[in-house]
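Worth saying up front: this structure is predicted, and the values here are computed from it rather than measured.
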Amino acid sequence: GAQEQFYLETNACLAVPKHENDEMEIFSSTQNPTLTQNIVANVLGVSANRVNVRVKRMGGGFGGKESRSVPIAAAIAAAAKVSGTPVRIMLDRDEDMLVTGFRHPFLGKYKVAFNKDGKILGLDAQLYANAGWSLDLTFSVVERGMFHSDNSYKVPNL
């Protein structure tokens, strides 16, 4: 089954409209400020240089805030634009787990060839990842699974 990302800090965001040239300042607990900037700009209908994303420190995200924090920032930015006032959100753990999804569950099937001394000669591996309802970071996750399937071994026939 799937596993929760369970990063240390739940998703939090503050959007502050600047009232100058449709600028917006976003303070977000994200691992991807560039994606946040581009999506927020798209939602607000402004160019990306009108959106400034700030991330103070990010630790303990474990990859769970690479893209899944972005829809939250976009929604908060839209609310701030409409209201003309700063808008802040900090999800509690239950809310965060409901809206952000899970890690990718994998199924791996493999056959290993080795010689009489136990040296690995070949690996035939098939990896299946459940992406869920959204592509999200699935391409990178599957790619990493393939690149790391040999672990620390040198496998001549992979």
Quick one: pull up CG in N11 and CZ in R68 and give me the separation to the nearest 0.5 Å.
10.5 Å
Once rounded to the nearest 0.5 Å, what's the spacing between atom CD of E66 and atom OG of S140?
7.5 Å
Donor-acceptor pair, side chain of N151 and main chain of Y153, under 3.5 angstrom
no
Are L158 and M146 connected in a single hydrophobic cluster, I mean Ile/Leu/Val/Met/Phe/Trp/Tyr linked by side-chain heavy atoms less than 4.5 Å apart?
no
Taking T34's backbone N and O only, do any of them form a donor-acceptor pair with N38's side chain (distance below 3.5 Å, no angle check)?
yes
Testing the basics here: between R93 and L8, what is the closest heavy-atom pair and its distance to 0.1 Å?
NH2-O, 3.1 Å
Stepwise side chain to side chain donor-acceptor pair (under 3.5 Å) check, Y128 with Q126
CA-CA 7 Å; Y128 302 89; Q126 295 178 345; 2.9 Å; yes
Sub-3.5 Å donor-acceptor pair from the side chain of K65 to the main-chain atoms of E9, do we have one?
yes
Do D22 and M24 touch side chain to side chain, with heavy atoms closer than 4.5 Å?
no
Linking I/L/V/M/F/W/Y whenever any side-chain heavy atoms sit under 4.5 Å apart, do M97 and L91 land together?
no
Looking at every heavy atom in both V87 and A79, which two are closest together, and how far apart are they?
CG2-C, 3.9 Å
Please determine, by modelled atom types, if N49 and S47 share a side-chain donor-acceptor pair under 3.5 angstrom.
yes
With a 4.5 Å cut-off on side-chain heavy-atom distances among I, L, V, M, F, W and Y, is there a chain of contacts connecting F139 to F106?
no
Considering all heavy atoms, the nearest D92-T10 contact
C-CG2, 4.0 Å
Is any side-chain heavy atom of F27 less than 4.5 Å from a side-chain heavy atom of V55?
no
With a 4.5 Å heavy-atom cut-off, do L123 and K111 have their side chains touching?
no
Is E23 reaching over with its side chain to a backbone N or O of R50, donor-acceptor style, under 3.5 angstrom?
no
Separation between CD1 of I76 and CD1 of I26, rounded to the nearest 0.5 Å
9.0 Å
Give the minimum heavy-atom separation between A78 and V43, together with the two atoms involved.
CB-CG1, 4.2 Å
Nearest atoms (heavy-atom pairs only) where K81 meets L44:
NZ-O, 2.7 Å
If only atom types and distance count, is the side chain of S29 paired as donor or acceptor with the main-chain N or O of A12 below 3.5 Å?
yes
In Å and rounded to the nearest 0.5 Å, what is the CG to CG distance from L121 to N157?
7.5 Å
Can you tell me how far CD of E143 sits from CG of L127, rounded to the nearest 0.5 angstrom?
12.5 Å
According to a 4.5 Å side-chain heavy-atom criterion applied to Ile, Leu, Val, Met, Phe, Trp and Tyr, with indirect links allowed, do V112 and V155 form part of one hydrophobic cluster?
yes
Identify the two heavy atoms, one from M90 and one from E95, that lie closest to each other, and give their separation to 0.1 Å.
O-OE1, 4.4 Å
Residue that, paired with P33, satisfies side-chain contact (heavy atoms from CB on, under 4.5 Å) out of V51, N52, V53
V53
Would a single hydrophobic cluster contain both Y110 and F114, if residues Ile, Leu, Val, Met, Phe, Trp and Tyr are joined by side-chain heavy-atom contacts under 4.5 Å?
yes
